[in-house]
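One structure is given here, and the rest of the page talks about it.
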Amino acid sequence: RTPRAVRAPPISTNSPGGMADALSVGDKLRAEYGDGELYAAEVLAVSTSKKRASAPVKVHFTGYGVEEDAWLPLSSLRSRKLPKVRNEAISTSSTPTAPTKGMSAFEKGMQVRVLAEGKRYRATIMEVSTSKKRSSAPVKVHFEGYTADSDEWVTLDRIASKATGTKSQAQPKAKAKLRPKAAAADGDAANAADGDREAVDELVSAAWVIPVETEGALQNHSVAVRDGKIVDILPTSEAAKKYKAKRATKLPESALMPGFVNAHTHTPMVYLRGVSDDIGLREWLEGTIWPLEFKFVEPGFVKDGAKLAIAEMIMGGVTCFNDMYWFPEEVAEAVVQTGIRAAIGIIAIEFPFGSYGKGPDEYLAKGESTREQFKSESRVSWTVSLHAPYTCSDATLEKGGALSARLDVPLHIHLHETAEEVEDSKTGNKDSKSCHLSQEKCTPLANLKRLGLVNRRLMAVHMNHLTDEDITMLAEAQANVVHCPASGLKLASGFCRVADLTKAGVNVALGTDGASSNNTLDMIAEMKLAAILAKAVAKDASAVPAQTALRMATLNGAKALGLDKVTGSLAVGKDADMIAVGFPGPSTWPAPTVPPGDAGFDPVTHIVYSSTRDQVTDVWVQGRRLMQRRRVSSFKVGDVRKAAMSWGEKITAALAEMRAKAT
């Protein structure tokens with residue numbers, strides 16, 4: 001391997017012997033492996049051999065298999081034990097020198113041959129950089145016949161072309177699978193003959209495959225993907241014999257499972273996290289959130305906020321979310337651009353809201369038009385999202401219900417969130433802002449039943465205050481409940497009877513709610529909280545076991561959205577919406593050893609009770625990898641951060657102005 005360009009000052013390139021005095025086997029550090037990014041690693045060996053002078057340190061990348069262990073050059077290592085070089089280039093006798101002809105000989109689009117794994121491959125130059133950061137590897141190439149994941153910045157000495165005056169080695173007759181050096185867990189699919197093997201796009205092999213479609217976990221299994229869909233799930237020992245993969249990914253210390261489905265959120269509200277904490281729902285909503293939204297909600301705010309939320313969700317293993325917010329066309333566009341999947345709400349509320357519109361009829365018409373605009377996008381689906389009974393009249397509820405039936409999409413609504421909403425609606429207390437807008441003196445759920453809206457399409461969010469009769473009604477109607485435990489606890493809104501709902505056969509999904517009332521979009525945290533809170537509410541430690549909580553966070557959400565034939569579990573014929581969860585650290589040791597139900601350490605309980613979202617290493621949607629090794633690859637997160645900082649400054653100024661007026 002050749003020393004690569006780095007994004008931070010390199011360490012001192014003293015002799016291997018001097019460096020060996022500084023590093024020891026077992027030291028923790030960060031190491032770069034070809035893509036310009038730094039990864040957690042551990043020193044396995046330090047060599048003083050002349051043969052290893054150019055790459056004297058062997059490391060193991062945390063969370064990845066031993067086949068990814070690598071001898072690396074000094075320029076690829078970062079450790080507090082090693083001094084940094086100040087404003088000077090790497091200079092060691094072992095560093096390969098560039099060809100005598102300069103970079104001016106190369107240009108974008110030029111056809112060349114590039115040395116990789118001891119062989120030369122046809123490639124096209126994509127970019128030539130004169131940046132100091134790219135001084136050691138200034139040419140970016142795309143290897144013919146391989147995906148963009150294999151694109152690489154390379155040193156000049158690896159390039160052969162007429163421009164450099166060097167001769168290219170003969171092209172091998174049987175070209176081996178090129179291993180993208182940015183992919184820590186990729187490798188050859190097999191060494192077997194290609195004759196009888198079936199072609200697939202990717203073969204992902206893991207220590208555990210957790211289908212969710214069926215309970216339990218499959219040890220040492222692989223998932224074969226073609227054209228964005230799962231075509232097989234089989235033992236890894238058989239996979240390489242049966243399939244020839246364009247790309248093979250090995251995850252020997254991880255579990256492969258369906259991505260999480262965040263069944264209720266308001267994505268742009270990530271910009272309002274932390275601005276109004278430790279107060280109740282009405283004061284939170286009317287005192288801070290709505291005034292800020294009236295001031296700031298416009299297309300740019302929504303799209304930028306949606307992208308920030310999507311970045312957070314992808315990094316937490318969410319592959320699908322259900323959104324309720326203004327300017328749904330901007331959220332839909334963000335979904336298309338980032339590669340995630342979403343159900344987006346055709347939103348309605350009784351009063352004018354910012355610049356989006358004047359009332360419910362206009363909102364519903366705009367939303368339906370937006371749905372038509374994005375009808376060709378396979379990753380975008382829709383709901384009718386009516387805000388709440390205390391903000392929507394009976395007429396609006398009926399119109400929304402009719403639209404939901406005509407389009408055959410879910411009816412998504414906040415319902416029975418607080419005790420005040422339920423009790424004040426029953427008594428008809430119109431002095432209360434929590435009372436539903438109906439003239440009927442009954443619970444909001446009973447009113448929806450009267451209007452014919454309690455059916456299989458209903459997605460009732462929160463449902464913190466339910467009677468036995470309510471639960472029976474929901475079960476008989478095959479309605480869906482979306483439980484948001486963190487938001488409900490933070491706003492002290494109440495406790496959902498999850499165990500009783502699931503026992504009755506109600507489909508219960510999980511959502512984070514918006515980040516302004518949670519304050520994260522962390523589905524692993526939500527899943528654990530849902531499981532342990534349900535036990536306390538039911539006073540039964542066996543209530544909502546880990547497998548049930550995992551299903552609530554994945555397949556149940558897809559079912560509530562009408563997407564369970566497409567996503568939510570790993571099954572042949574479904575879209576390859578998958579995530580890899582590693583077990584790299586002390587919190588998950590001893591690592592899983594047996595399937596659920598056997599005597600030993602269970603991967604499902606490890607994920608539900610012991611894991612965090614930072615253990616999600618890789619994410620796929622429709623077979624496209626959106627994150628690899630904790631690095632989001634489908635869009636530029638740096639641009640998202642810049643936008644967040646800019647909106648943050650504006651919101652901070654507005655909050656100061658609001659506080660000044662209040663005093």
Side-chain angles (χ1 to χ4, degrees), residues 265-312 323-328 330-331 334 347-359 362-363 387-388 390-392 414 417-421 424 429-435 437 462 484 486-493 512-522 637-663:
T265 191
H266 313 278
T267 52
M269 295 183 80
V270 288
Y271 282 161
L272 303 180
R273 73 170 108 223
V275 302
S276 186
D277 291 332
D278 305 322
I279 55 178
L281 175 64
R282 299 306 309 188
E283 184 183 352
W284 169 83
L285 192 61
E286 296 175 5
T288 307
I289 299 302
W290 277 352
L292 286 173
E293 288 183 316
F294 288 148
K295 183 177 182 66
F296 287 108
V297 171
E298 47 88 10
F301 176 94
V302 172
K303 188 172 184 179
D304 289 346
K307 281 190 172 182
L308 173 57
I310 290 168
E312 180 181 352
D323 203 52
M324 177 193 285
Y325 211 70
W326 309 102
F327 297 99
E330 299 300 330
V331 179
I347 192 170
I349 202 168
E350 206 62 32
F351 47 83
F353 202 100
S355 61
Y356 185 63
K358 301 300 182 185
E362 183 180 355
Y363 300 146
H387 181 259
Y390 54 83
T391 55
C392 292
H414 299 102
E417 185 171 2
T418 65
E420 291 80 9
E421 176 192 337
D424 291 345
N429 180 10
K430 296 303 179 182
D431 291 331
S432 168
K433 293 182 179 180
S434 297
C435 178
L437 298 187
H462 298 304
C484 302
S487 176
L489 290 174
K490 186 168 182 286
L491 293 171
S493 298
T512 61
D513 210 342
S516 56
S517 64
N518 183 299
N519 290 9
T520 66
L521 306 177
D522 185 346
V637 177
D639 292 344
V640 173
R641 183 180 185 277
K642 290 178 183 177
M645 296 303 103
S646 176
W647 284 108
E649 291 175 359
K650 297 173 185 177
I651 292 167
T652 299
L655 286 167
E657 183 180 343
M658 288 168 59
R659 178 169 293 184
K661 288 181 178 179
T663 56

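No hydrogens, no waters, no symmetry mates; every other heavy atom, side chains included, goes into these values. The first residue of the sequence shown is numbered 1, and numbering continues consecutively from there.
Here Asp278 contributes atom CG and Trp284 contributes atom CH2; the two are 13.0 Å apart, rounded to the nearest 0.5 Å. Between the CG atom of Asn519 and the CG atom of Asp277 there is a distance of 4.5 Å, given to the nearest 0.5 Å. Summarising the geometry, atom CG belonging to Leu281 is positioned 5.5 Å from atom CG belonging to Leu491; distances are rounded to the nearest 0.5 Å. Expressed to the nearest 0.5 Å, how far CD of Glu286 lies from OG of Ser276 amounts to 11.5 Å. Note: Met269 CE to Leu521 CG = 11.0 Å, rounded to the nearest 0.5 Å. Interatomic distance, NE2 of His414 versus CE of Met324, reported as 4.5 Å (0.5 Å rounding).
Annotation for Glu362 and Lys358: closest pair OE1-N, 2.9 Å, computed over non-hydrogen atoms. Closest non-hydrogen pair, Leu272 versus Ser516, comes out as O-CB, 3.5 Å. Taking all atoms of both residues into account, the shortest heavy-atom contact from Ala334 to Lys307 is CB-CG, 3.9 Å. For Ser517 against Lys490, the heavy-atom pair with the smallest separation is O-CD, 3.6 Å.
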Met658 and Lys295: CA distance, side-chain angles, deciding distance, side chain to side chain contact (heavy atoms under 4.5 Å, CB included) verdict: CA-CA 11 Å; Met658 288 168 59; Lys295 183 177 182 66; over 6 Å; no
Trace of the side chain to side chain contact (heavy atoms under 4.5 Å, CB included) decision for Leu437 with Thr391: CA-CA 7 Å; Leu437 298 187; Thr391 55; 5.6 Å; no
Trace of the side chain to side chain contact (heavy atoms under 4.5 Å, CB included) decision for Ile347 with Tyr356: CA-CA 11 Å; Ile347 192 170; Tyr356 185 63; 4.3 Å; yes
Side chain to side chain contact (heavy atoms under 4.5 Å, CB included) between Asp304 and Tyr271, worked out: CA-CA 9 Å; Asp304 289 346; Tyr271 282 161; 3.1 Å; yes
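No more than 12 heavy atoms of other residues, nucleotides or ligands shown are found within 6.0 angstrom of NZ on Lys642.
With respect to His266, the side-chain hydrogen bond (donor to acceptor under 3.5 Å, both in side chains) criterion is satisfied by exactly one of Thr512, Asp513, Asp323: Asp513. With Phe353 as reference, Trp326 is the one residue of Trp326, Tyr325, Phe327 to meet the ring pair (Phe, Tyr, Trp, His ring centres under 6.0 Å) rule.
Using a distance-only test at 3.5 Å, with no hydrogens or angles considered, a donor-acceptor pair links the side chain of Tyr363 to the main chain of Gly357.
Ring geometry for Trp290 versus Phe351: interplanar angle over 60°, hence perpendicular rather than tilted (30 to 60°).
Asp424 and Ser434 share no side-chain donor-acceptor pair at under 3.5 Å.
No side-chain heavy atom of Glu421 sits under 4.5 Å from any side-chain heavy atom of His462. Put simply, the side chain of Val270 does not reach to within 4.5 Å of the side chain of Trp647, judged on heavy atoms.
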